[in-house]
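Here's the structure, in structure tokens; my notes come after.
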Protein chains: 2
Amino acid sequence: MPEHPTGHRPTLEAVAARAGVSRATVSRVVNGGAGVRQLVADKVREAVAELGYVPNPAARTLVTRRTGAVAVIIAEPEVRIFSDPFFSQQVRGISKELNAHDTQLVLLLVEGPEDYERIARYLAGGHVDGALAFSLHADDPLPAIATRIGLPTVYGGRPAWTPAPGGPAGVTYVDADNRGGARLAVRHLADRGRTRIAHIAGPGDMTSATDRLDGYRDALPPACPPMVAEGDYTVEGGARAMADLLERHPELDAVFAASDQMAVGALRVLRERARRVPQDVALVGFDDMRSVAECADPPLTTVHQDIEGMGRMMARLLLGALDRDRGGILAPTSLITPTRLVRRDSA
Amino acid sequence: MPEHPTGHRPTLEAVAARAGVSRATVSRVVNGGAGVRQLVADKVREAVAELGYVPNPAARTLVTRRTGAVAVIIAEPEVRIFSDPFFSQQVRGISKELNAHDTQLVLLLVEGPEDYERIARYLAGGHVDGALAFSLHADDPLPAIATRIGLPTVYGGRPAWTPAPGGPAGVTYVDADNRGGARLAVRHLADRGRTRIAHIAGPGDMTSATDRLDGYRDALPPACPPMVAEGDYTVEGGARAMADLLERHPELDAVFAASDQMAVGALRVLRERARRVPQDVALVGFDDMRSVAECADPPLTTVHQDIEGMGRMMARLLLGALDRDRGGILAPTSLITPTRLVRRDSA
DNA sequence: TTGTAGGCGTTATCAT
DNA sequence: ATGATAACGCCTACAA
């Protein structure tokens, strides 16, 4: 196998010379080889192998105007991305789908507001053919940037400025059925005979949190008054919310937490206050992060969502738009993936 | 602010025409503007702004032979990457450093052995100027690929085929002082009067695990017999190892676990067996993953390492080599970052 | 089916 | 200090 650790790599020209054909023919063979005689094609492929030829992507991009890369933009405060396997899974799904289409993943981590300028410049530069963006808060400048540049973009999770699922979106996004999943959780609690069902909600500026809160309200039995405390999707936040809830509503007999992490925090506080789970207080989480839910004590009953699958869908949607038309008009579609309840021991 | 959602973006040519100068001058201004009269430079910058000109990276790469991107290659079985904030932190450190140098991060996730062909092709294609690679097992094909292609590469964690730290490396890598950290942990246990100190080790084919095991052996008091069980860095693995240890050595009064995750698993088993922590069994972890160590019950005493810092160092080493010489001979250096003990309640 | 030739947008080497 | 002009490596009409 030829090597070119230093010095210059062979070009189309070199392969052409070696195979005794023109550059055009080599190009055809390299790009699928339609319309080239079998015999000639074989000769070219041989030359390619002998010389260890690899196409120069920059040159290719220059003429085709396609980079074969998409950006994955993750803007999230440290606290979450550190402790949350959520992104890892979603990125993994994306990566699988992109790999299958020979497309590269350029990771753009947003550390602070000042980064958006850099990111805008990058996207405007035409380094990538499209973008996948996550967890946008209401004031996120990214959508405006993407729109201005005309960059096909798929969002992960319903963007905050978007009407509730079902309504016209204006953008393309993939999300779990947060509201439906929350209903599942609360209904399960009610079915188990609980009548004082509280909710530990996520941050009010995230749609996953508000959608789950809506689902909680939907499914709450008429006789049960809403009891809600807001956390921030972290273990600590869940613990604080639980303490708050116990203070205000000592009579509660069930809790639906909007994330497994918060459920774990709640678990800790409940144990400290000597409330048994599930006997005294039944608890249901959300996310079904196995490393969290299964290892909790007791293991968490929780709402499962296919995170990796959502990542794959995002990539698929984008790739579809990319090779359908190169202008990149992405039909505003929202794709909602189903959730289901996973019963373990906490409820 | 001009937009080019569709149609063609302005080129150097257009800017030159608008400013009434040559392409060469515009190029100079865009690239720092040395050797151009102030007046002319300003005129050019104005034209750039008016037209919303952004350089075409492909064209630039074609002639400079630099992409301004580096690959981050992560090869790890699902089980870890899902539950481990380790990579997130390291990637974050890398991202920060790369951003500061206007360099892009291309993420290459290795799903299986069959992926190496794809990755080799990608790296050989000259899409990136260098690579950062993680957690290589002994038989990983990546180093051979990187060497063959002549791609400057920095490794995260001592590669398995490499002699113990201190010896000649042959490659450049950044690692924590695993051995020293393990000594810290065991010494702390001994100082607290423990005389039967066991160890839950990580996978035998990872240097972080074997180095920590070596450190355990180093610091073990002469009177204390080595008691070791192997886990796999996961909560479950830690639980199994702990159960195993208790079976074989019921007399143990302290445990040093090679990761916080495994320590959490151990914690669960100890509680099930009614051994109090730290009274009956003192426990020290490794990693100081805050989300894990602080939230454990009791909070874990553990060995801290600066994971994000390690990521930054990796990037810094690579970038340094990249703009020092463009051939990319990276002096084989190993950089070992210090560890320290963080005392909480488990020991 | 194959070859010829032009151009993609930039940097870099010369002159001037 | 500035401007021509030649690469850089590839794709793609168009011609043969």
Side-chain angles (χ1 to χ4, degrees), chain A residues 4 7-45 47-48 51-69 102 121 124-127 129 323 326, chain B residues 4 7-45 47-48 51-69 102 121 124-127 129 323 326:
Chain A
H4 317 284
H8 290 235
R9 286 164 31 189
T11 67
L12 264 193
E13 182 85 46
V15 178
R18 171 113 185 159
V21 300
S22 73
R23 291 187 326 224
T25 299
V26 178
S27 176
R28 293 190 186 98
V29 172
V30 168
N31 296 291
V36 177
R37 259 194 330 212
Q38 190 58 240
L39 199 71
V40 179
D42 287 344
K43 207 166 46 180
V44 170
R45 271 189 265 271
V48 165
L51 262 37
Y53 168 76
V54 181
N56 179 322
R60 189 175 262 176
T61 295
L62 188 55
V63 45
T64 62
R65 297 165 169 294
R66 298 197 94 230
T67 64
D102 264 305
R121 215 177 336 123
H127 284 91
D129 300 329
D323 61 35
R326 314 167 60 134
Chain B
H4 316 284
H8 289 237
R9 287 164 29 189
T11 68
L12 264 194
E13 184 83 46
V15 178
R18 172 114 184 158
V21 299
S22 74
R23 291 190 320 231
T25 299
V26 177
S27 177
R28 290 193 257 269
V29 172
V30 168
N31 296 292
V36 178
R37 262 195 328 219
Q38 189 58 239
L39 199 72
V40 177
D42 287 345
K43 209 165 47 180
V44 169
R45 271 188 265 273
V48 165
L51 263 36
Y53 168 76
V54 181
N56 179 323
R60 189 174 264 178
T61 295
L62 188 55
V63 45
T64 61
R65 298 166 168 292
R66 298 197 93 229
T67 64
D102 264 307
R121 216 177 335 124
H127 284 90
D129 300 328
D323 61 34
R326 314 166 61 134

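Note on naming: letters A, B, ... go to the chains in the order of the sequence lines (proteins, then strands), and numbering restarts at 1 for each one.
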*Roughly how many Å is it from CZ in B:R37 to C1' in D:dT2, rounded to a whole number?*
9 Å
*Taking the side chain as every heavy atom from C-beta outward, state whether B:R60 and B:V30 have any atom pair closer than 4.5 Å.*
yes
_For A:G68 versus A:D129, what's the shortest heavy-atom pair and its separation?_
N-OD2, 2.8 Å
*Determine, step by step, whether A:D102 and B:R121 satisfy the side-chain contact (heavy atoms from CB on, under 4.5 Å) criterion, reporting the C-alpha distance in whole Å, the side-chain angles of both residues, the deciding distance to 0.1 Å, and the verdict.*
CA-CA 11 Å; A:D102 264 305; B:R121 216 177 335 124; 3.7 Å; yes
*asked:* Ignoring hydrogens, what is the shortest heavy-atom contact between B:G125 and A:P57? Give both atom names and the distance.
replied: O-CD, 2.9 Å
*Check whether any side-chain N or O of B:S27 sits under 4.0 Å from OP1 or OP2 of C:dT11, and answer yes or no.*
yes
*C:dA5 C1' sits how many Å from A:E13 CD, rounded?*
12 Å
_C:dT2, OP1 or OP2 - any side-chain N/O from A:T25 closer than 4.0 Å?_
no
*For the side chain of A:V36, counting heavy atoms from C-beta on, which of C:dG3, D:dC11, C:dT2 is nearest?*
C:dT2
*Taking all atoms of both residues into account, what is the closest heavy-atom pair of B:S22 and B:A16, and its distance?*
C-CB, 3.7 Å
*Which distance, rounded to the nearest 0.5 Å, do you find between the CG of B:L51 and the CZ of B:R9?*
12.0 Å
*Figure out the CG/P separation between A:L39 and C:dT1, and round it to whole Å.*
14 Å
Protein-nucleotides 6-9 of chain D N/O pairs closer than 3.5 Å?
{"from": "D:dA6", "atom 1": "N6", "to": "B:R23", "atom 2": "NH2", "distance (Å)": "3.2"}
{"from": "D:dC8", "atom 1": "O3'", "to": "B:R65", "atom 2": "NH2", "distance (Å)": "3.2"}
{"from": "D:dG9", "atom 1": "OP1", "to": "B:R65", "atom 2": "NH2", "distance (Å)": "2.4"}

*Go through D:dG3, C:dG3, C:dT1 for me and flag the one nearest to the B:V21 side chain.*
D:dG3
*Measure from NZ on B:K43 to C1' on D:dT2 and round the result to the nearest Å.*
12 Å
*Check whether any side-chain heavy atom of B:V36 lies under 4.5 Å from a side-chain heavy atom of B:T25, and answer yes or no.*
yes
*Just how far is it from atom OG1 of B:T67 to atom CG of B:L62, taken to the nearest 0.5 Å?*
13.0 Å
*Do the non-hydrogen side-chain atoms of A:T61 and A:R66 ever get within less than 4.5 Å of each other?*
no
Produce the list of close N/O pairs, under 3.5 Å, pairing protein atoms with atoms of nucleotides 14-16 of chain C; give distances to one decimal.
none

_Can you tell me if B:S22 touches the phosphate of D:dA4, counting only side-chain N or O atoms and a distance under 4.0 Å to OP1 or OP2?_
no
